[in-house]
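Below is one structure, written out as structure tokens; the observations come after it.
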Number of protein chains: 2
Amino acid sequence: MAAIRDDLTYAFGAGRLTPQRQTIAESARSLGRAFTIDDLAEEARYRDPSIGVATVYRAVSAMEATGWLERVGERAGSVLYAQCGAGDRHHHHLVCTSCGRVEPAECPLHDVAAHAATSGFVITNHEVTLYGLCPACLATGS
Amino acid sequence: MAAIRDDLTYAFGAGRLTPQRQTIAESARSLGRAFTIDDLAEEARYRDPSIGVATVYRAVSAMEATGWLERVGERAGSVLYAQCGAGDRHHHHLVCTSCGRVEPAECPLHDVAAHAATSGFVITNHEVTLYGLCPACLATGS
DNA sequence: TCCAAAGTGAGAACGATTATCACTTGGCTC
DNA sequence: GAGCCAAGTGATAATCGTTCTCACTTTGGA
């Protein structure tokens, strides 16, 4: 399992890969869709009931810092995260509003420089999230 | 001031234009930049200290429903709003990360349909926010 | 003028997130 | 392997933004 071990090591960068963090990272990967902290804590505590909610928040914060997790939106006041792998090149997200599945999307901003030129703004960052229905949900009509 | 009166009437659609709501809407317009509920409440209470925070939240909710206000992002856990006028056609936002100034931006997603076709997703909604520095902040180096 | 519906203000309640603190663990040096 | 210290943990309190509740007031139409 060297590959997986390396993968999870990457999730926390220079931080320690404790059993709790490993459980949380594996839970994030196994969810396979956009999730809230609550979803992730539920999955992680199913695997190890002793894991506290504060630990989940801290682990998510650490994984977000390394880019292994990304926030992809919000749902009912909670931040939505998705496991996006590390070292991916610049991209955005397609979020299924029915099942929460998340797929990477090419950055559609081909002309950001043009926007900056016409407005006088110098753009340093941008967020793009596309919402819709994935093929599976379309097929089931849900 | 018929024009302004009409403008504010539009802010609440079919809802009543009470003195409190008028104060809140004028405050939103006078801020001239992206603001949190807290910023808006501070401005509104400067004009009328008797206005309660719940009233500000309710007014913002009503103005958002008519499209007179739009949420343009978040700052330190609070939702950022901007007064965008009513009846504007589809657009997004350029937010200055230094002063909070907001300008409308053309929708840069010329090929949303192409994304849907290649991914199998049917896109029903999207959010785009561009962050950067406005000309004024660039000039002052802040 | 009367009345029902809409709006208001104060404050309680709620839910997500963060901070605190005593304790444990991991990984380094010797 | 022993000792040490920084990092991490779990429980819980605190914080903060937002929404709800309730008694009261205002609005606008009949």
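The structure displayed is predicted, hence computed values, not measured ones.
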Smallest heavy-atom separation, C96(B) atom then C137(B) atom, equals SG-SG, 3.7 Å
D38(B) atom CG is separated from dT18(D) atom C1', nearest whole Å, by 12 Å
Atom CZ of F12(A) and atom P of dG26(C) are separated, to the nearest Å, by 14 Å
Review point. Is a side-chain donor-acceptor pair under 3.5 Å present for D48(A) with S50(A)?
Key: yes
note: M63(A), atom CE; dG8(D), atom P; distance rounded to Å ~ 13 Å
task: Tell me whether the OP1 or OP2 atom of dG9(C) has a side-chain N or O from Q20(B) closer than 4.0 Å.
output: yes
Practice problem: Please determine if a side-chain N or O atom of R16(B) lies less than 4.0 Å away from the OP1 or OP2 oxygen of dG28(D). | Solution: no
One would report the end-axis bend of the helix from dT1(C)-dA30(D) to dC30(C)-dG1(D), five pairs per end and rounded to 10 degrees, as 30°
Rounded to whole Å, CZ of F35(A) lies from C1' of dA16(C) at a distance of 16 Å
Notebook entry, point to check: Should T18(A) be listed as having a side-chain N or O under 4.0 Å from OP1 or OP2 of dT9(D)?
Noted result: yes
**Message:** Would you say R45(A) and T23(A) are linked by a side-chain donor-acceptor pair, where the criterion is simply a distance under 3.5 Å?
**Reply:** no
Inset, instruction - Evaluate whether atom CD of E42(A) has more than 12 neighbouring non-hydrogen atoms of other residues, nucleotides or ligands under 6.0 angstrom away. - result: no
For A44(B) and I51(B) the tightest heavy-atom approach is O-CD1, 4.2 Å
Examine dT8(C): is either OP1 or OP2 under 4.0 Å from a nitrogen or oxygen in the side chain of R21(B)? Give yes or no.
yes
Looking only at heavy atoms, the pair that brings T66(B) and G13(B) closest together is CG2-N, 3.4 Å
Sequence neighbours excluded, the answer for salt bridge (charged side-chain N to carboxylate O under 4.0 Å, His left out) partners of R75(B) is D39(B)
Ranking G15(B) and R45(B) by the position along DNA chain C of their nearest nucleotide, the one closer to 5' is G15(B)
note: Q22(A), atom CD; dT25(C), atom P; distance rounded to Å ~ 16 Å
For A59(A) and F12(A) the tightest heavy-atom approach is O-CE2, 3.6 Å
Between CD of E74(A) and P of dG15(C) the distance, given in whole Å, is 17 Å
Within residues 47-61 of chain A, the residues having a heavy atom closer than 4.0 Å to DNA chain C are A54(A), Y57(A), R58(A)
From CG of L17(A) across to P of dA7(D) the rounded distance in Å is 17 Å
For W68(B) and A25(B) the tightest heavy-atom approach is CH2-O, 3.5 Å
